[in-house]
Structure formats: structure tokens, C-alpha cells
2 protein chains.
Amino acid sequence: MRNIKLTIRYDGTRYAGWQSQKNGLAIQDVIQGIIKRITGERVNLIGSGRTDAGVHAEAQVANFRTKSKIPLEKLQLALNSMLPRDIAIIYIEEARPKFNSQKSAKSKLYRYTIMNNDYMDPLIRHFAAKCFYKLNIGLMKKAAKYLVGRHDFRAFKAVDGEKKNSVRTIKDIKIEKDGDLVYIYIEANGFLYNMARSIVGTLVEIGRGKIKASAIKEIIAKQDRRFSGPTMPAKGLCMVRVTY
Amino acid sequence: MRNIKLTIRYDGTRYAGWQSQKNGLAIQDVIQGIIKRITGERVNLIGSGRTDAGVHAEAQVANFRTKSKIPLEKLQLALNSMLPRDIAIIYIEEARPKFNSQKSAKSKLYRYTIMNNDYMDPLIRHFAAKCFYKLNIGLMKKAAKYLVGRHDFRAFKAVDGEKKNSVRTIKDIKIEKDGDLVYIYIEANGFLYNMARSIVGTLVEIGRGKIKASAIKEIIAKQDRRFSGPTMPAKGLCMVRVTY
């Protein structure tokens, strides 16, 4: 059996997220359906992580096992010619037999884009969220430092009743300003459901002066979703890199 | 009467172009309609130049005269809150009484974006055209030099039967490569109908080796549309700056 690794770029706007589910079209299902049309096989395409409905990817990674002997280059061409225009395979390679996109991942990097003005830029409107209030980037950077490291991030997790381990390690948070755009990069060994978007929501509350930067220590310690900021819209979030 | 100058950004995908016309929705009409709702006046919004159906703008410039006393900042906020999400007023100012967006323009800068690979990047698919054939940028740059200057650009004009003056001055053409993307910037004192897109089509024919770089001199001299390259798709074209 070959183990094939795909690097996938997608505009998540019209999808119910990466993972197969009952309601709505999942990106995983779309790609699996096309692999079946090409190879005749019903494969399980393992993604590095789920992206939520409306979240994008510059480079999601996924792998699947196949008996097909079709050369890589031909397979990529076939996939791209049959995929809808909002999904593309940007890279394809043979992986070692034990490689698993999800379990082998060391860290994932997400970028959140905020348009910090009172209008939304029409050219990036599907890939950014708007913040009307002027953000103080210095305060946001100060707060971000408290988040880096190994913490129980329960305060930044969707309230879903699950009691799984919510300890994760944030390796780095970078905040950059370019004109009206603010980019927040978060790299972690894993993300809880809604974690990236509620961390960004909390940093935005800090940037506009509603929460003190130093209060983030208490928010983490309280482990209660009610004290952190709102979950930002999905469309501003993009998976940019998976490190193995 | 005040003379108000707007700088406008738009995603031209769903429009029939800048200028009012019988068929399809024009960007000019959309903005004029909203100005009427705000001021009660039926204004004539003069654009720096027409952009074709599907062409985008980072910074189109337009002006209109009004008796309204509404402050600039409020007017911009009102416009942006009422405009569809694919059009935004990114800058607003009072212009001198004689300022005319079209007649006062010294030059316009357009950018054409080509994805030079065998798939289209899903994240920019509405803003780039694909070229499957590997482009030789050196040859394209060499050819571009022949186009710069004052020429009769009839060979790069849509065949519309019109016999107007087709002499224009191209101030500069810059070609840049960034990964799989090729950007072609063309700055001229004016553009004939389809001129930017047929110049890019000709440069692409040269880049993929179908036409010699030096042949561009003859193509210009022959003044015949049949010898230049194809008109590239509208979606790759974007108006980036108007200089006054």
C-alpha cells in the first residue's frame, strides 16, 4: 500500500469544515469522492486537524493509503482538474508507511486577519474579519506573551460539555500590522475547538481597551469560557503550516 | 457646489464594468444610487476610466458635484454602510472645483496577475488568470521594452470599428515573479478598449515561446489586431493607481 501525502489549499467559505459530518458539505468528503472516481477506492483521508466551517487553509496536510499505481504527478493533475475551484492540491508526495497527518504533526500554525477600519476591504472580505475599534497592538503583544507556553486552555474552548484534556502548548504568537490589516499568527502543538478564534477575540478585547493585558493570566487560571473574549468569525482564520 | 473625490476599491466579479449601460449592473450605477439615497441628488459620478466587466480596482478614482453639506467622514461612513460588500470607498476628499477624475488624470496603473502553474490557487481565483505553460520572464521583459513609449496601439485594441485616435504613451511596464505568480504592471496616459489585456496576452505568447520578443515591434507597426496575442480574462486585471 502506498501512503500519499497531500498539501491542500482551500477557500472554506462554502464548506461545513474539513471533517465529514451529517449536515453540509465537508472538504474531506469532496476530496475523498474525487479520489474514489480516480482510483475506484473508498479511502480515508486523514487531515492534520479539523478546520471549522468557513475557515480557510493555505496548506492543510492530509494522507491516504491506496493500492493505485498512478504516478504522483498524474494523480495531482487529475485531482486538480476534477476538484471544485475553491480546493486545490498544491503539493503531493509519497510518505513513509507510518506517516499520519494528524498524529505525526508536531505543531500547526494559524493566521487570523483583522481589517482594523470602519469598512471592509472588498478584495479580502472572505478572508478577514472587521474590527471597527482602533486596536492597540502593543497591548495585544503584551497579552500574547502570557498565552505562550503550556497551559490548560479550557477558558478558550467552545462550551461543548466534553471533559477531555485541554492542556496545550502555544509555541509562539506573532502580531503584525500592515496598514489597516492586523495579522495574528498562533503556533501550537494542538488547538481545542474554537481555541484560535477565542484567543483572537480576547486579544481584540485587550487591543480595544476593554480588558487589561495582564488580566489574561487570570482568564487562563479561571478556566472558564465566560471570562475570555468572543469567538471571532471563521472567515478570518487560515491554517498556514503544519510542522512534522 | 462641492466637488467630492472618491477613491474606490471593488471586486468587479459580478459587475458589468464601471460604466452605466443597458445590460447588467454597473459599479457607477450602484454608487450613484446610494448617493441619491443619502443626498437626494441624482449625481453624475465621473470615473477616471471605465473598467470592463469582471475587472477589479484597488483604487479607482471618481468625482461628483453636490449641494449636500454632509461632512466627508459621515458621507464615507454612510456610503460604506449602504454599499454592497464588494464595493468600498477607501478615501474621500474635497477636490478643487475644476477637478475631473477622467480629464485631470495624468496616468493610470494596472496590474495583471497570472498564476503560472497547472492549477489555480483557490484563494486568489477571482483575481488571477491561469497560464499552464512555463513563462520565460526574461523574454517578456525584453518584449515589454519595445512597448514603452508613444505608439499607435491599434494592434492591441478590441476590433470595434471605431476610428478614434489610438495613440497612447506607455510610461512603464514592470514584470515581477513571486513563486508561481507573475505580475505585469502597465502604466500609461490612457488605455484603449481591451489594450491592457491584449498586451498581456501578447507578452504571454512571447513568454511561452510562441512569438519572438523582437516581433513586438512589427506587431505594433502593422496596427492589426490579428497579429497580437489573445485578450486575457478580465478577472486577472486590477486598476491600482491613478496619478493626477
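Here the structure is a predicted model, which is why all the values come from computation and not from measurement. Chain letters run A, B, ... following the sequence lines, proteins first, then strands; residues in each count from 1.
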### Task
Please determine, among A:Pro122, A:Ala57, A:Ser81, A:Pro84, the option with the most heavy-atom pairs under 4.5 Å with chain B.
A:Pro122
### Query
Which one, A:His126, A:Glu58, A:Arg9, leads in non-hydrogen pairs under 4.5 Å with chain B?
A:Arg9
## Note on the structure
Under 4.5 Å to a heavy atom of chain A? For B:Asn80 that would be side chain
### Query
Would you call A:Asp118 and A:Lys130 a salt bridge, using N to O less than 4.0 angstrom?
no
### Message
Does this structure show an ion pair linking A:Lys174 with A:Asp172, if we count only N-O contacts that are shorter than 4.0 Å?
### Response
yes
### Task
Please flag which part of B:Ile87 lies under 4.5 Å from any non-hydrogen atom of chain A: side chain, backbone, both or neither.
backbone
### Message
Between B:Arg2 and B:Glu94, does any NZ, NE, NH1 or NH2 come within less than 4.0 Å of an OD or OE carboxylate oxygen?
### Response
yes
### Task
Between chain B and each of A:Asn117, A:Leu77, A:Asp121, count heavy-atom pairs under 4.5 Å; write down the option with the most.
A:Asp121
#### Entry: A:Glu187/A:Arg241 ion pair, N-O < 4.0 Å
yes
### Task
Apply side-chain contact (heavy atoms from CB on, under 4.5 Å) to the pair B:Ile90 and B:Ile8, showing each step before the final yes or no.
CA-CA 6 Å; B:Ile90 64 168; B:Ile8 307 160; over 6 Å; no
